[in-house]
Amino acid sequence: MSSRSLDMRNRDTFSGYHPVINLFYFVLVLAFSMVLMHPVCLCISLTAALCCSLTLGGKKSVRGSLLLLLPMALVAAAVNVLFNHEGATILAYLPSGNPLTLESIIYGFSAAVMLSALVLWFLCFSQVMTSDKLVYLFGRIIPALSLVISMTLRFVPKFKAQFKVVADAQKCAGRPIDEGKTLQRIKHAVTVFSIMVTWSLENGIETADSMKSRGYGLPGRSAFSIYTFDKRDKKALLWLTFCAVTMIYGTASGKFTWQFYPVMRGMPLNGFVLVLYLVDLALGMTPVFLHWQEERNWKKLQEAEA
Amino acid sequence: MKRFLWLVPALLLLLTACGSKEELTETCTISISCATLLDNMEQVPEEKTELVPADGWLLRETQVKFAEGESVFDVLQRVTREHKIHMEYSDTPMYNSAYIEGIGNLYEFDCGSGSGWQYSVNDWFPNYGCSGYALEDGDVIEWVYTCSMGKDVGGYVQQEP
């Protein structure tokens, strides 16, 4: 990851919440984007994704990804039309002889909208969930595995650096590995390799002793984390849970079902369904709303001070 | 004047293209039926049940004209376009065989794993694709939807083990 992960340039409000809230939000939004193949839900998802990426990333990054998205979406729509000929409304006949149906065009567009929404959501995800947040989260869930992974990741560059040191030292001692006859070079490389093996084993023992002396593995050992779960996070958790429960209920009770073939049909628009759509939109726009609220408070405070 | 010289071959090409439409001299009878679905409605997916006509006929027996040398597939394609019936097929040029996947949005496997479209000419079910059957004057083509690999319509062919 770039230096963005460590400097606090990402100053929008939503990134300041506890990582669990961030992860919960993205899991919900991504799951609903992928599962609900309903035109209204997909449009809501795309709109929310656009607004969120504008708020979190700024116009530049969105413009860059839109340039990639639009052709991809058009290709997806066109591919569906070329390969899928089901549908009751025949508009024309393709050169291959199969019919061009309205339903396949609309399905293609819906798939394109879903693809675009997902790409934008992943863009938002990469901007909010920095590497330190991910390490923190997965360290809480699987501490042993995340420790092993972080140690492995630490070891690889260390090994490379030490290899260079040893190779240079051997070169100075008259045993270069990058020049000379091939057989000689192989012999010298084997020497360097055997030195590296010895060094790795010794390094491992040193690391183990150091960790043991600092109390790794003792029961009750805690880890420092900069993230606290405060009242603001509690309120956000309640809101996200409410949205999740409502949407899951809507999906399970079939309110979000929509058939594309052979005829397009779905639930008729009644009050409850409208409420569900609004909840979906509110869920998606949560970061935007939170950011806007903070900006407004900040401006008020600045004006009060002046 | 010389710059219009390209028009001459272009016009000739256009005329020959128009003129190459074959004369539809011969007549045959064609019908499309999905009556077997009416006996197995519980297996049909919900959104397709309304596509099955109450009497099972997607196209009653009609007389159609065709040109000499045309196949069952050419006639089917022309008839479905004329009567605005949906028809999807996939063409395998290597074997010169067209496979009819669906007529009227009723597709293969919509009624179980042994369901699909079969055709018979003069009460005989050919064992090959419809684009390989050259029609003769007076032939009677019947397209039927089977729910059990042809056993319910008389077109079952024992597969060699």
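Small disclaimer: the values here were computed from a predicted structure and weren't measured. Residue numbering restarts at 1 for every chain, and letters A, B, ... go by the order of the sequence lines.
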| said: Please classify the contact of B:Ile85 with chain A as side chain, backbone, both or neither, using a heavy-atom distance under 4.5 Å. | reply: backbone
| query | With only heavy atoms counted, which part of B:Glu47 is less than 4.5 Å from chain A, the side chain, the backbone, both or neither? | reply | both
| query | Which answer fits B:Glu50, side chain, backbone, both or neither, if we ask what part of it has an atom under 4.5 Å from a heavy atom of chain A? | reply | side chain
| With only heavy atoms counted, which part of A:Gln259 is less than 4.5 Å from chain B, the side chain, the backbone, both or neither? | side chain
| Cation-pi, A:Tyr17 ring and A:Arg232 (6.0 angstrom, 45 degrees) | yes
| side-chain hydrogen bond (donor to acceptor under 3.5 Å, both in side chains) between B:Ser120 and B:Asp123, worked out | CA-CA 5 Å; B:Ser120 70; B:Asp123 278 328; 4.9 Å; no
| task | For residues A:His18 and A:Tyr136, establish whether the separation of their ring centroids is below 6.0 Å. | result | yes
| remark: Paired with B:Tyr119, the ring pair (Phe, Tyr, Trp, His ring centres under 6.0 Å) test is passed by just one of B:Tyr145, B:Trp143, B:Trp124, namely B:Trp143
